[in-house]
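No experiment lies behind these values; they were computed from the predicted model shown.
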Amino acid sequence: MLQAPPLDTVMRALADPTRRSVFERIVRSDQISVAELTRGSGVTQGAISQHLKSLKQAGLVAERPQGRQVFYSARPDGLDPLFDWMRHYDLFWRDRFSDLRSLLKEIDP
């Protein structure tokens with residue numbers, strides 16, 4: 001079983017706007033090559049490769065070599081650490097809003 005990357009790694013990978021754009025392009029396609037990602041991106045192939053390396057380390061993408069090309073696809077489970085973190089705060093805020101609702105009813109029945 002693969003160990004999920006820490007939340008910080010996932011957040012750091014998605015914090016960069018260019019990297020986030022690369023990730024979004026990968027998500028929208030079944031699989032995409034580095035050449036296709038570079039085309040129309042406004043950055044060099046080397047920069048795309050560095051962004052892909054960060055996304056891969058964060059567990060957000062998988063690579064599949066085929067001859068001289070490498071194809072990338074999204075790993076939806078790579079977002080699990082982020083979802084878990086957000087779920088914690090979802091419960092936190094629901095409890096707070098429930099408490100606020102109760103308090104407001106006490107103040108103005």
Side-chain angles (χ1 to χ4, degrees):
M1 184 169 120
L2 291 174
Q3 180 75 17
L7 174 63
D8 291 350
T9 305
V10 175
M11 289 181 123
R12 196 174 302 113
L14 294 174
D16 182 273
T18 303
R19 192 173 302 126
R20 201 167 45 249
S21 175
V22 168
F23 179 66
E24 288 171 4
R25 286 183 65 196
I26 294 169
V27 168
R28 286 192 305 265
S29 63
D30 183 39
Q31 62 179 352
I32 191 167
S33 70
V34 176
E36 290 173 283
L37 285 167
T38 303
R39 208 172 303 123
S41 69
V43 295
T44 66
Q45 185 269 327
I48 292 290
S49 293
Q50 287 299 312
H51 288 303
L52 288 167
K53 180 180 177 183
S54 294
L55 291 169
K56 186 178 172 197
Q57 288 174 340
L60 296 169
V61 298
E63 64 180 15
R64 183 184 60 80
Q66 182 178 337
R68 297 182 75 201
Q69 289 192 321
V70 178
F71 292 89
Y72 287 86
S73 58
R75 291 191 57 230
D77 59 333
L79 292 170
D80 286 350
L82 184 59
F83 289 142
D84 292 343
W85 182 78
M86 289 172 35
R87 195 172 299 115
H88 167 76
Y89 284 98
D90 175 53
L91 293 172
F92 171 83
W93 285 112
R94 283 179 198 244
D95 290 345
R96 295 300 183 268
F97 286 131
S98 178
D99 293 347
L100 178 60
R101 191 175 298 116
S102 298
L103 178 63
L104 291 172
K105 283 181 181 178
E106 288 177 22
I107 292 172
D108 188 15

- Task: Could you tell me which residues satisfy salt bridge (Lys or Arg N to Asp or Glu O under 4.0 Å) with R87, sequence neighbours excluded, listed by chain and number?
- Result: D84
- Message: Let me check something: do L79 and M86 share a hydrophobic cluster, defined by ILVMFWY side-chain heavy atoms less than 4.5 Å apart, either directly or through other members?
- Response: yes
- Item | Joint hydrophobic cluster, F71 plus F23, side-chain heavy atoms closer than 4.5 Å | no
- Task: Scan for salt bridge (Lys or Arg N to Asp or Glu O under 4.0 Å) pairs involving residues 39-59, sequence neighbours excluded, and state none if there are none.
- Result: K56-E63
- Message: Under a 3.5 Å distance rule, please check whether R75 uses its side chain to pair with a backbone N or O of G59 as donor and acceptor.
- Response: yes
- Item | Donor-acceptor pair, side chain of Q69 and main chain of Q66, under 3.5 angstrom | no
- Could you check if a side-chain atom of L14 sits within less than 4.5 angstrom of a side-chain atom of L60, using non-hydrogen atoms only? yes
- Among all residues two or more places apart in sequence or in another chain, which pass the side chain to side chain contact (heavy atoms under 4.5 Å, CB included) test with R25? R28, I32, L37, S41
- Query: Got a sec, which residues hit side chain to side chain contact (heavy atoms under 4.5 Å, CB included) with D16, two or more places apart in sequence or on another chain?
  - Reply: T18, R19, H51
- For S49, side chain to side chain contact (heavy atoms under 4.5 Å, CB included) partners two or more places apart: V34, Q45
- What are the two closest heavy atoms between V10 and G78, and how far apart are they? CG2-O, 3.7 Å
- When rounded to the nearest 0.5 angstrom, what distance separates CD in Q50 from CG in L52? 9.5 Å
- Mind checking whether L7 and L82 have side chains closer than 4.5 Å, heavy atoms only? yes
- Note on the structure: In short, A13 meets A58 closest at the heavy-atom pair CB-CB, 3.7 Å
- Message: Please enumerate all residues that pass ring-ring contact (aromatic ring centres under 6.0 Å, His included) together with Y89, with sequence neighbours excluded.
- Response: W85
